[in-house]
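A short write-up of the structure that comes next.
When a ligand or atom number is given, it counts from 1 through the structure's own listing order.
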Amino acid sequence: MSASLFDMKELDAKVRYGNLVQEILKHDKAYYSKDAPEISDASYDKLRRELEKIELAHPEFITPDSPTQTVGAVPSKGFKKVRHALPMLSLSNVFSEDDVQDFLDRIRRFLGMSKNESVELLAEPKIDGLSCSLRYENRKLVMAATRGDGAEGEDITLNVKTIKDIPHELPENISDILEVRGEIYMGHAEFDALNKAQEEAGKPLFANPRNAAAGSVRQLDVSVTKARPLHFYAYGLGEHEPFSTTQFDTIQILKKLGFQITKGIRVFDSLKDIMENYEQVLEGRSSLGYDIDGVVYKVNDLKLQTRLGYVSRAPRWATAHKFPAEQAVTKIKDIDIQVGRTGALTPVARLEPITVGGVVVSNATLHNKDEIERKGVRIGDMVVVQRAGDVIPQVVRVLKEKRDGNEQIFIFPERCPACDSLAIREGDDVVMRCTGGLVCPAQAVERLKHFVSRLAFDIEGLGSKIIEQFYEEGLIKSPSDIFKLEEKNKVLELPIRKREGWGDLSESNLFKSINEKRKIELNRFIYALGIRQVGEATAKRLAATYGNFNALKQNIIKAQDCNSDSYEELLNIEDIGSVIADDLIGFFAEDHNLEILAELDNQLEIKEYQAPDMVNSSIVGKILVFTGTLEKMSRQEAKAKAESLGAKVSGSVSKKTDLVIAGQDAGSKLKKAKSLGVEVLSEEEWIALYE
Ligand code: IVH
């Protein structure tokens, strides 16, 4: 009896929920798109409050179109963009003792140290918040910025000045320019109190303390930030004059200057101690009063940090040892196939929504066909899902004991669900790929999404949903259509602003953000093309090698002849082997791609590559070859140094080589350099070039 009563209640709640969603969406449209609200603010707030209450009690009801999932996001417009004097890096992750060992081995190898030489690591808990850079000039706080894409963030100075932990003026001048980097976060008790107050005031609730902190900082109305209980702790530096020799001392000095630092900072030099500390921090996690999601390790010696430098966007000298992923049990309602930008067919489990570590999860990846078979996943199965940090949620295992016989085996399709082309596996690749290439609409849409994504053109306002909508309506079919949108809009039967959900303002904002991107850096442009296996780092290397887009295109076209110098030059680029070379050559051999490039050329200005950090360097743009054994550094360190000075490193000597650096026992390459009359430097002379 009571069970059926309960079911009734739940059913009622679900029906009410559906009605509320529809009703609120209707009022949103009336208010935002038509500027003609049909109810008072107070009545509207009441509906929202009721919706949020149901969502809190039944997170499994939440649909992607719920107003809490769409509206209410803080507009990012209104904050000024600022370039960071030094990039704000992110961290690589490790998950196990073996990973930590690998991290240490990589450091030793890079520095040319022997296997048993000890490396001192500083360990500090990793608080889960949002990173912020504070710039002090002559002791005064002049700028606070979010991380953004690492190179450019948003100016949040006024908001940050309301945070009590952040000094406006430093007691001592240890560096005329001092950039302090750290994390803004909110504690558990404060988060609970805030959500309670939000609920009472009929405002949206935050999913977790990190979202609450981020939402509180990025407020155009500073008084809102001020009312929020935010904290800041310092973990490092941006631009500054050197004033210490270790990471540990740096942090202690920051503490003396008035900054909070994390509790539990320690220095270790053995893997055993590092792991013991990790276990301790993990155990003490729940009694801290704020969220931490791992332990960060940093090489303590700052000189070594400088030598190690960074790859792509993460330092070689630091990593985050993440806590185990959080898990939960839920049901697989269905399995869909997603078609990626390069045609990969990825099975995705549609789940009964479930909260995993503070976030509602309704999809999880099943990776590929083999993985479904290996795990024995069926539609209708109860499964364990896990979510670690920002990684896509995964299905860990099936609870076979919970089966009732109604589960269905999933048949992996042999054809692409989007274009019906045959799907095949190439060689021993585990991935099934659609062979539709250019005719496949799903691939086209994914390529467009990639084209406008953050590390590519970074066009604000052109999110995934809008790309899908515009593609379907035929407004954007190929990348150049994006730049013709404004022009086209004038002759459209149905102008963009008349479409559902669009106002005059969002339309003009969109055109503005598109027009801002008509001038683009070469490496971003290369990355945007979405050539298979050409990620951010490879795109940068290609940009550095060829300097401008035309040279890149011509040389890769010439490289179709694998006996050409161009082919050799391509293979000489760090990290480019014959497989990536084939993908690049294949891309430029495709007429359709050349047409797209020609059309883009009419719309865009692709800037020439500008090497970073090249002040005072005499080797900008030069082609270097290292040969023989270097004594003071590993080959990897030498290459990284050369690249940071704006040079290109090649693996073989040719008439294009500018400089050969010959270590001990150099052989044939040195001989060849001499016969071609290429300048040769010893290791000492090479070091003297930059020290
Ligand atoms: S160091 C140069 N230390 O984690 C290394 N980051 O996952 C850059 N974070 O963007 C970061 N606690 O926002 C560092 N003790 C800590 C940290 C920390 C939290 C955040 C930071 C960074 C992100 C990378």
* To do: Mind running side chain to side chain contact (heavy atoms under 4.5 Å, CB included) on Arg397 and Val383 for me, showing each step along the way?
  => CA-CA 6 Å; Arg397 69 192 154 89; Val383 290; over 6 Å; no
* **Cation-pi, Phe626 ring and Lys639 (6.0 angstrom, 45 degrees)** => no
* Would you mind reporting whether Phe191 and Pro229 have side-chain heavy atoms less than 4.5 Å apart? => no
* Any side-chain donor near an acceptor of the partner, Gln305 and Asp301, under 3.5 Å -> no
* Asked: Does any donor atom in the side chain of Thr157 or Asn159 lie under 3.5 Å from an acceptor atom in the other side chain?
  -> no
* Asked: Heavy atoms under 4.0 Å from ligand 1: which residues qualify?
  -> Leu89, Leu91, Glu124, Lys126, Ile127, Ser131, Arg147, Glu183, Tyr233, Tyr235, Val296, Lys298, Pro315, Trp317
* For the residue pair Thr365 and Thr346, establish whether any side-chain heavy-atom pair is separated by less than 4.5 Å. => yes
